[in-house]
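Sequential numbering from 1 along the given sequence is applied to the chain's residues. Since this is a predicted model, take the numbers as computed values, not measurements.
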Amino acid sequence: MQKLIEFDEKNKVFHLHNDKISYLFGIEEGGYLSHLYFGKRVFGYHGQLRYPRVDRGFSGNLPGSLDRTYSLDSLLQEYSGTGACDYRTPALDLQNEDGSYAVRLVYQGHKITAGKPKLPGLPAAYATDEEAQTLAVTLKDELTGVTVTLLYTIFKDLAIIARSAKVTNAGSSKVALKKVASMQMDLLRQDMDVISLPGAHANERHLEREKIGQGRKVFESRRGASSHQMNSFIAVLEHKADEFSGDVYGFNLVYSGNHSFEIEKDQFEQTRIVAGINDFNFEWQLDAGESFQTPEVLLAFSSHGLNEMSQNYHQLIREHIVRGKFKHREREILVNNWEATYFDFNEDKLKTIVDEAKELGIEMFVLDDGWFGKRDNDNTSLGDWSVYAKKFPNGLKHFADYVHAQGLKFGLWFEPEMISHESELYKEHPEYLMQVPERIPSPSRDQYVLDLTQKAVRENIVAQLSALLDEGYIDYIKWDMNRHMSDVYSVALPKEKQGEVYHRYMLGLYEVLETLTTKYPDVLWEGCSGGGGRFDTGYAYYMPQSWTSDNTDALARQTIQYGTSLVYPPSVFTAHVSAVPNHQTGRITPFKTRGAVAMSAVFGYELDLTKLTVEEKQAVKEQVSLYKKIRPLVQFGDFIRLKNPALGDQCAWMFVAKDKSEALVFVFGRLVQAQPTLTKTKLAGLAEAKVYEEVTSKAKATGSELMELGFYDPVVRHDFSAQMYHFKAID
Ligand code: GLA
């Protein structure tokens, strides 16, 4: 395999490259690592871009040096410590046994290997020895013996580098880690924007863009989950960059807990980006000989705007994050009973929905919340994962057998990380509930978090789920998490380790997920957290798909799915057609539009099929049969955003087959005007010279016509319209 990583001994420069990107950094005087370049591929490196020496007032110099032109306060660095003269936000902050906070990280050695090492206990991108190479650079603090190993993996054919850090206490005294970022990158460029994906429950991942100003800005979650409120991703991009042009750097953390993305524009207008686990209430005791491994950041570069960055992320998540037999398998069209019945159901009522689902060609029935313990509302029974006999007098298997007999797969909802006060589990094990001693814990949705740092708690979850899964009738599991963490404390840990609870919880969760997904490889796992509250790459390592949002309104979903697609491919997000007026917004949108939005991802229904009109049933049949045809294109094709709903009165996106032989285009209208402005849709990603025919209208055009001229959108006379076009190459 070609060499993807080189070390220039003379210039002391590392060069990671493939056909798309180059990443360069060097060892500067004193052994400090200096960032040189991340961008489009360069052929060779001849010593340019060494950081210029300038005497700057109040920017101190290297210890023991008389050179006033060399300061860590201005040098573009790779991974900074504390206690010297760099006043910018550090990547590593720790307290030594003597109480001091200093850590100076200087180059000690490096190693280049084929492939990509696993990160112990953590989800991470994976690759074979033919697909990637990894550089491990070790830095050392001479006084204490603390070492930091920076891992850089470059993939053969992706514009992405995976970065993480491992801190080892190779000295003889204790240290307390206060902050350990996964990566840092310092950029010289000045006129930059930052994009983040903030939101709320039922309103996730809105694309927000702002100018990077001087000072420090943090995009973070302190909720114990990657959260609806701020997704674990930012992009830093040229102010002039858009969907199809300009330089973009993407940062995505492969982690489902507290995260932080700091951006600091310093006194010289240089921008530092530091990303990793949030240091909020974080402190990790590292005894002599112990190590701490950070999760990894997927660092993307595109010189052609946001779409190219997204496509690299999509490819990486599909091929190097999602695992197991469902990775390349078309996902079933399902119907979920949540919005159809909420808690008000029994076996007979559900059977009528199953019958209808069979009739309409739907492939899986998912039994949502309310099937276990004594659960008639959300105040009770979390932790008691055995069937509610009142609703299923003949047991759950009896019902699952019925579903299977209709030719449908059977899926089941769980919320394994939670406990209700009113539960058998709480009666038996009150110590499983996470709370601070002597304080009344805060309820949220009337439920509490289980302390997953306790081994017994993890074993209990695995045992309860295994008991059901061993019966062999469950084809799919929806793994939910319907509150965020509070009262963070573990009775299993001593006082000085309470700063480890947030992260130990995540390690505990990952251990449980690894155990269960390995033990039951035939089960399809869908992630969920009150919709998209844990929509992150870490979760996708275990869950091939995730519920995008509790908001099923077709208009709101356009914004949510548009933002989500910045990082995550439609093959990992699920979307359902629901009833109108919509349960979250009260809005009435056409059935066709609800179908088009949901068909733009992993498709399903979330309504009472028995209540549909004859026309609606016919529409469902048509949608189901259409989706079965377009499913490979939607789930495995390239996704391209065309029109941002936040910037106009339309939203549009398309899917293109890898070989460009066909494309599906969705154009959504929002509010109509009496005197409409005429609009065009221009496509992207097609083969320029190929002739395409639109399947319904039979109109023909070359790829270049469709991309350069585009076509007029029809004038429609109702709100919330949807147009779908299916182009096939005919030559
Ligand atoms: C969460 C999920 C919903 C549903 C409910 C059940 O909100 O996102 O889809 O499963 O829980 O309580």
Side-chain angles (χ1 to χ4, degrees), residues 202 332-372 375-378 388 390-393 396 398-400 402-413 475-476 478 480 526 528 530-531 547-557 574-599 601-627 720:
E332 282 84 8
I333 301 172
L334 63 81
V335 59
N336 176 305
N337 74 308
W338 178 240
E339 287 195 17
T341 64
Y342 295 103
F343 294 104
D344 182 19
F345 61 81
N346 57 27
E347 183 167 354
D348 290 339
K349 187 167 174 181
L350 296 180
K351 278 180 175 169
T352 61
I353 300 180
V354 175
D355 293 346
E356 205 60 65
K358 176 193 179 184
E359 206 51 41
L360 299 171
I362 292 170
E363 299 160 318
M364 173 150 67
F365 176 82
V366 175
L367 174 52
D368 210 276
D369 194 355
W371 60 269
F372 54 93
R375 189 137 159 120
D376 288 313
N377 55 47
D378 55 19
Y388 190 3
K390 188 181 95 180
K391 294 186 182 177
F392 298 95
L396 196 56
H398 185 261
F399 175 59
Y402 182 82
V403 175
H404 285 144
Q406 309 316 305
L408 273 77
K409 296 222 149 100
F410 177 68
L412 198 58
W413 180 95
D475 305 305
Y476 154 114
K478 179 174 170 189
D480 211 338
E526 176 157 336
C528 182
W547 182 223
T548 317
S549 175
D550 273 349
N551 191 338
T552 56
D553 172 71
L555 191 72
R557 266 300 185 112
T574 55
H576 299 167
V577 173
S578 63
V580 289
N582 177 267
H583 293 196
Q584 292 78 38
T585 61
R587 193 171 4 245
I588 296 176
T589 53
F591 204 84
K592 179 181 168 196
T593 304
R594 282 175 272 154
V597 172
M599 276 194 266
V602 176
F603 184 53
Y605 291 86
E606 179 120 1
L607 42 71
D608 189 343
L609 296 171
T610 65
K611 296 211 175 109
L612 297 179
T613 62
V614 175
E615 294 75 41
E616 284 172 334
K617 281 184 191 166
Q618 187 51 35
V620 172
K621 270 192 184 160
E622 284 164 19
Q623 285 174 351
V624 165
S625 100
L626 174 63
Y627 190 73
F720 319 128

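The nearest pair of heavy atoms linking I353 to L609 is O-CD1, 3.9 Å. The two atoms that bring F720 and I588 nearest to each other are CD1-O, 3.6 Å, heavy atoms only. Here the closest heavy-atom approach between residue A357 and residue L408 is recorded as CB-CD2, 3.7 Å. Listed here is the closest heavy atom pair of D550 and G530: OD2-C, 3.4 Å. Between A575 and A601, the shortest heavy-atom contact is CB-CB, 4.0 Å. Here the shortest heavy-atom pairing between D553 and Q584 reads N-OE1, 4.1 Å.
Aromatic pair F372/Y388: ring centres not closer than 6.0 Å. Aromatic pair Y476/W413: centroids not less than 6.0 angstrom apart.
Results of the side-chain contact (heavy atoms from CB on, under 4.5 Å) test with F603 over T574, V577, L334, I362 single out V577 as the only residue that passes.
Remark: K391 NZ to T341 OG1 distance equals 7.5 Å, nearest 0.5 Å. Annotation: the span from K358 atom NZ to K351 atom NZ amounts to 13.5 Å, rounded to 0.5 Å. Atoms OG1 and CG, on T585 and L555 in that order, are 8.0 Å from each other to the nearest 0.5 Å. Here H583 contributes atom NE2 and E339 contributes atom CD; the two are 5.5 Å apart, rounded to the nearest 0.5 Å. To the nearest 0.5 angstrom, W338 atom CH2 is 10.5 Å from C528 atom SG. Annotation: the span from F591 atom CZ to E615 atom CD amounts to 11.0 Å, rounded to 0.5 Å.
For the pair E526 and K478, the salt-bridge criterion is not met [side-chain N within less than 4.0 Å of a carboxylate O]. By the 4.0 Å N-to-carboxylate-O rule, K617 lies close enough to E356 to be salt-bridged with it.
With hydrogens and angles disregarded, a donor-acceptor distance shorter than 3.5 Å links the side chain of S549 to the backbone of N551. Side chain of E616 to main chain of T613: a donor-acceptor pair is present (N/O by atom type, distance under 3.5 Å, no hydrogens or angles). One N or O on the side chain of E363 and one on the backbone of I333 form a donor-acceptor pair closer than 3.5 Å. R594 places a side-chain N or O within donor-acceptor distance of the main-chain N or O of T589, the cut-off being under 3.5 Å.
Using modelled atom types, one finds a donor on one side chain and an acceptor on the other under 3.5 Å when comparing N582 with T552. A donor atom on one side chain and an acceptor atom on the other are not found under 3.5 Å apart for Y342 and D376. Checking D368 against N336 by side-chain atom types alone, a donor-acceptor pair falls below 3.5 Å. A donor-acceptor contact under 3.5 angstrom links the side chains of D475 and H404, judged on distance only.
Counting only heavy atoms from C-beta outward, the side chains of V403 and L350 never approach each other to under 4.5 Å. V366 is not listed as a side-chain neighbour of Y605, based on a closest heavy-atom distance of 4.5 Å or more. At a threshold of 4.5 Å between non-hydrogen side-chain atoms, the residues N346 and K349 count as touching. A 4.5 Å side-chain heavy-atom check between R375 and D369 finds at least one atom pair inside the cut-off. Within the 4.5 Å cutoff, side-chain heavy atoms of M599 are placed close to those of L626. Taking the side chain as every heavy atom from C-beta outward, H576 and W547 approach each other to under 4.5 Å.
Counting heavy-atom neighbours within 6.0 Å of E359 CD, excluding the residue itself, gives a total of 12 or less.
The aromatic rings of F399 and F410 lie perpendicular to each other, with more than 60° between the two planes, well past the 30° mark.
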